Asker: 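Below is the structure I would like to discuss, written out as structure tokens.
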Amino acid sequence: MIKKDLLKITTQKEIATNIMEVTCSGSLVKQMTEPGQFLHLRVDTSDDLLLRRPISICDVDLENESVTMLYRVEGKGTSRLSYKREGDTIDVLGPLGNGFPLEATDKGETALLVGGGIGVPPLYYLSKQLKERGVNVIHVLGFQSKENVFYEQEFSELGDTYVVTADGTYGSIGYVTDVINEKNLSFDTMYSCGPTPMLAALSTIYGDRRLFISLEERMGCGVGACFACVCHVVGDESGTSYRKVCTDGPVFPVGEVVL
Amino acid sequence: MIKKDLLKITTQKEIATNIMEVTCSGSLVKQMTEPGQFLHLRVDTSDDLLLRRPISICDVDLENESVTMLYRVEGKGTSRLSYKREGDTIDVLGPLGNGFPLEATDKGETALLVGGGIGVPPLYYLSKQLKERGVNVIHVLGFQSKENVFYEQEFSELGDTYVVTADGTYGSIGYVTDVINEKNLSFDTMYSCGPTPMLAALSTIYGDRRLFISLEERMGCGVGACFACVCHVVGDESGTSYRKVCTDGPVFPVGEVVL
Amino acid sequence: MNRLQVELPGLSMRNPIMPASGCFGFGKEYAKYYDLGILGAIAIKATTDQPRFGNPTPRVAETSAGMLNAIGLQNPGLEGVLTNELPWLHQYDVPIVANVAGTEIADYIETTAKLSKAENVHAIELNISCPNVKQGGIAFGTIPHVAAELTKEVKNVSDVPVYVKLSPNVADIVEIARAVEKAGADGLSMINTLLGMRIDLKRRKPILSNGYGGLSGPAIKPVAIRMIHQVSQAVDIPIIGMGGIYTAEDVVEFMLAGASAIAVGTANFTDPFVCPTIIEELPALLDELEVDHVQDLIGGSWKQCNVHS
Amino acid sequence: MNRLQVELPGLSMRNPIMPASGCFGFGKEYAKYYDLGILGAIAIKATTDQPRFGNPTPRVAETSAGMLNAIGLQNPGLEGVLTNELPWLHQYDVPIVANVAGTEIADYIETTAKLSKAENVHAIELNISCPNVKQGGIAFGTIPHVAAELTKEVKNVSDVPVYVKLSPNVADIVEIARAVEKAGADGLSMINTLLGMRIDLKRRKPILSNGYGGLSGPAIKPVAIRMIHQVSQAVDIPIIGMGGIYTAEDVVEFMLAGASAIAVGTANFTDPFVCPTIIEELPALLDELEVDHVQDLIGGSWKQCNVHS
Ligand SMILES: Cc1cc2nc3c(=O)[nH]c(=O)nc-3n(C[C@H](O)[C@H](O)[C@H](O)COP(=O)(O)OP(=O)(O)OC[C@H]3O[C@@H](n4cnc5c(N)ncnc54)[C@H](O)[C@@H]3O)c2cc1C
Ligand SMILES: Cc1cc2nc3c(=O)[nH]c(=O)nc-3n(C[C@H](O)[C@H](O)[C@H](O)COP(=O)(O)OP(=O)(O)OC[C@H]3O[C@@H](n4cnc5c(N)ncnc54)[C@H](O)[C@@H]3O)c2cc1C
Ligand SMILES: Cc1cc2nc3c(=O)[nH]c(=O)nc-3n(C[C@H](O)[C@H](O)[C@H](O)COP(=O)(O)O)c2cc1C
Ligand SMILES: Cc1cc2nc3c(=O)[nH]c(=O)nc-3n(C[C@H](O)[C@H](O)[C@H](O)COP(=O)(O)O)c2cc1C
Ligand code: FES
Ligand code: FES
């Protein structure tokens, strides 16, 4: 049976403008083995944060039962979360969903991990695990602006890392697709997470390659019961086929669902 | 102009079963000179604690700008308040209302302070101030049971203190009125705060004496604007005269308002 | 004797708790969290005659102490439910309440006739908040005689008791309740969601792609309690109460208002374990309130003889 | 030019913010907190022809993200308001919206005729949520032709524009809005409170001594937004929007939905400084949203041409 648990915050800090890194621990962490899965957080018990917030697993220390999440302070939920301090608890449900398939890339092959903004975090745990399996990892990380860049150092320690900003204030200027082109990056598998326009662009260009994308959708339950997070299936003529981002995803192979 | 302020919690602890003592500090404390006034607390900023909670001033250290409140953990608001820790803040409006008239008792006279349950706290600040003015203070404090008794020691340091419990598990058994009778306590002024049945009993017995009672009523605004907390006026034939507990009270001379 | 047991037409429930329609799918997902066999009943997602995909996303938005949804009745259709969902649920000894939706009376008739013959369907819940295409899209549930006619037709074909699920978006809920009672309803289920909206300030567009959506959660609880209090005194059929139930205390409040059983909707999203938690906590709360049996609570806020037994 | 200025019939407002009727008394109390002269307007407490004490206490109860009230229209009566309250308010250069209540049409006529002649009363707000004794206590505001008749009669005697304050406890708010527009209303004010209830578990009685009460606060905001969105597209008269407004963001959401000005009710209780805070924060929010003038927001969620100026 799936469990929920109160995880205890061990550290929380701002690592870039409005980007928080929170680490917490508890026995639930033992189950967090799959990169790309997400945790469903109940920020506090007040009635006005009714819905849980989906946040990706960014890193896990299984031995110390400790998990790290990175999140952007957006609205009410993430803002209240950011006020929590060491010793406070978070009600965590998960890990939920289907993550990135590690087995899609063999030892010795090259994986290109492409992240945009707050889609970057799950790629870190993915990269660590791919590398452990002997996969060669390359990262392309896109951000809005210099002040939003995070985890460049952490990714660099695992493999080549290219940072690109939309306004050119850090790294190269433009989009992740520009970098992949310019640097002529080659790969066997591409894994990506980020804003839908980015995923759509990658899907168009690399639709015939081994590409896995992680989607975002507003969620109700997060467990597959409410049908809030559905998307259409590519090539479905009846129009009634669907996938749920929360349980069938968030990671899908390119070409499976309509973006 | 009246202000509100964020006071910072310096200590919070449980002093009897479900009774919390919280001390907090801030410049607003300077205005808290009148015993019997109350503070209107916004426990947190979540939408589900919409209304402020009225809590009496129990003690004030003007020099250190520090105020103490005692409260019973009742429902949602006081329960969330009880989870606050040192360094957390509380949004405080006040001091509000009209407190106990110190000048009703002259130097050398005797004041009998009669408190019931969670009506006891405001009597402490009152007693301290009366004593400072050279008034002889006697306290009769009624509680449900032994586990609910608090501040006996503190009151004893200011004057004779009789504790009575409804179930007789501590002090004498019965009601505050029993103690006053049995011990034949005499006084020039009586000040009281507690449950309405207690205030009603005192009003009946001592209606012709110098008696001041502090009332409780569910509040909306706490500042006199919403008419949530009104009571009828004794002897009003039109039926439309009223007093507001929040601004005309919470302290009234006996015989002014209908209990 | 089981002090939580309640008996309603068609529904012999080991406790008054059921998940609300649309908030529990067809049970499979929550079966991963706990044994569904502990539930009093299960109200499954609205079923329509044909499969439906529903509305475009976003389909949900959070509000203060509530949420808006505009799922658009996505469901696998009558055949899908009969073939895949109900047989799977059969492993649990729990009565199923089948929620039926449609856009014209014929849809409701067709769906009810077949669903009510399924072995584990013990009651039909008639979702009359749906827009009636024949009447320009006005919901069946807002006009008494339309609601009554639908009820009568559905009763005619149903093999099991029919609960009519009332919409709160009306001026006089008692009028509708009386009309459907007279038309033969065996019970009522209330309340469905209030119609609401949220607007995204930057995009200047509704957050829900459908524009409007149904408001549920604790925000609407006082409206639900009031309506159940009104209706339970005006009709003789039992009420399944819902609208913002999160705790055992909420359950007691709904039953004191006049509900005979209750359904938990939105709360499942906040806490997948909410139903088992409530069921577990209810006996201690009854002790605290000095109530022997949960049935003694029903209508306790208005019944003459509401002293403790 | 003042980018917060809005112009409504009778009301030239320096900003779109006014405290809502019943949540601000007659201003005196909040004048201890800040200079009332900064407000766009002030809606004063409902006035009836005779003084009223109102309901027994408790008169308020908290709910999730909301509160219930059953004050019972306590007020000093027409004469009291004319003699004591309005003259005091005259020291502020702020238009007063006088809220009028009654139990039969004659009450409304009498009160409106006199109040609308007071120098600083720039508009009448007709509270039609009151029970109509002549119609067995059904609120004036739930039956279109009753609401329309009342509006017409009041318009006849009023020296200033009349805003009809709509009750949300109806199935079709547009129908009522159109009826009162046709009857001559100069504007609408919406929404009043939703009817709700809370029950005390131990006493088995309603928390409010009146039983039912009006639900206000953030809980009802999605319902208010939806109704304003519907009505503003169906009528040509301006709307004063209200229901759960706490922040400058809320103000923008109401105006995008279709309100021309807004009123802040319950939020005053949570924070007596809420009106000045919103007024102060509004310009920065307009900047952030790249809006020149607050009037450019009105109906922005449905108007064709809602691109940035
Ligand atoms: C599978 C998945 C993984 C995610 N991982 C991360 C992550 O690692 N780090 C991170 O910063 N963000 C992540 N997000 C986005 C994150 O969930 C939202 O930023 C967050 O829910 C916003 O909550 P809020 O209370 O701050 O905003 P509000 O605007 O107050 O939220 C209101 C409601 O909308 C929902 N919502 C708002 N924005 C989004 C969004 N972009 N996606 C889904 N729901 C949204 C909220 O969950 C909530 O229900 C992820 C989203 C999904 C679906
Ligand atoms: C002038 C005054 C002074 C008070 N001083 C103290 C004090 O020093 N210590 C103390 O423990 N209590 C005091 N009380 C009572 C205290 O205000 C309530 O116990 C508290 O508001 C309960 O809040 P809650 O959220 O825990 O309960 P809930 O039941 O969740 O509260 C719901 C609503 O009811 C109101 N409410 C509930 N009980 C009362 C009550 N007894 N009186 C007024 N409103 C109530 C709450 O304020 C809130 O609006 C005082 C009350 C008044 C009027
Ligand atoms: C996401 C969602 C989907 C729903 N789907 C249905 C449905 O299919 N049929 C129905 O009768 N009610 C449906 N409802 C209404 C609920 O069954 C319930 O009446 C309402 O949400 C109030 O209860 P709550 O506040 O506990 O959620 C749905 C509610 C939600 C939140
Ligand atoms: C305590 C209280 C008293 C009210 N009295 C009146 C009134 O006298 N006349 C009226 O038209 N509306 C009255 N209202 C309704 C408000 O003006 C407003 O329409 C409603 O509360 C919704 O706004 P809010 O959520 O900002 O409070 C009252 C509301 C409250 C909370
Ligand atoms: S969020 Fe409920 S089904 Fe995906
Ligand atoms: S609480 Fe509003 S007038 Fe007293």
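Chain identifiers are assigned alphabetically (A, B, ...) following the order of the sequence lines, protein sequences preceding nucleic acid strands; residue numbering begins at 1 within each chain. Bear in mind that the values here come from a model prediction, so they are computed numbers and not experimental data.
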Asker: Among Leu215(D), Thr142(D), Ile143(D), which residue has the highest count of heavy-atom pairs closer than 4.5 Å to chain C?
Answerer: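 Max contact count across the listed options: Leu215(D).
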
Asker: More than 12 heavy atoms of other residues, nucleotides or ligands under 6.0 Å from CD of Gln233(D): yes or no?
Answerer: yes

Asker: Considering only heavy atoms, which portion of Glu249(C) lies under 4.5 Å from any heavy atom of chain D: side chain, backbone, both, or neither?
Answerer: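 Both parts, backbone and side chain.
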
Asker: Any idea which of Pro218(C), Gly244(C), Gly196(C), Pro222(C) has the most non-hydrogen atom pairs under 4.5 angstrom with chain D?
Answerer: Pro222(C)

Asker: Find the one option among Leu195(D), Ile228(D), Leu194(D), Val223(D) whose heavy-atom pairs under 4.5 Å with chain C are most numerous.
Answerer: Leu195(D)

Asker: In terms of heavy-atom pairs under 4.5 Å, which option from Ala171(C), Ala65(C), Gly213(C), Ala61(C) contacts chain D the most?
Answerer: Ala171(C)

Asker: For residues 251-264 of chain C, please give each side-chain donor-acceptor pair under 3.5 Å, one per line with the distance, not counting sequence neighbours.
Answerer:
from: Glu253(C); atom 1: OE1; to: Lys221(C); atom 2: NZ; distance (Å): 3.1
from: Glu253(C); atom 1: OE2; to: Ile199(D); atom 2: N; distance (Å): 3.0

Asker: Taking 4.0 angstrom as the limit, do Arg178(D) and Asp172(D) come out as a salt bridge?
Answerer: no

Asker: Quick check on the interface: out of Met197(C), Arg198(C), His229(C), who has the most heavy-atom pairs with chain D under 4.5 Å?
Answerer: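 Of the candidates given, the most pairs with chain D belong to Met197(C).
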
Asker: Side chain, backbone, both or neither: which part of Gln230(D) has a heavy atom under 4.5 Å from chain C?
Answerer: both

Asker: Can you tell me which of Leu285(D), Ile225(D), Leu201(D) forms the most heavy-atom pairs within a distance under 4.5 Å of chain C?
Answerer: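 Of Leu285(D), Ile225(D), Leu201(D), Leu201(D) has the most heavy-atom pairs under 4.5 Å with chain C.
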
Asker: Between Asn169(D), Ile220(D), Ile239(D), which is the residue that forms a side chain to side chain contact (heavy atoms under 4.5 Å, CB included) with Ile191(D)?
Answerer: Ile220(D)

Asker: For a side chain to side chain donor-acceptor pair (under 3.5 Å) check, start with the C-alpha distance between Thr193(C) and Ser216(C), then their side-chain angles and the critical distance, and finish with the verdict.
Answerer: CA-CA 5 Å; Thr193(C) 53; Ser216(C) 62; over 6 Å; no

Asker: Closer than 4.0 angstrom, basic N to acidic O: yes or no for Asp287(C) and Arg3(C)?
Answerer: yes

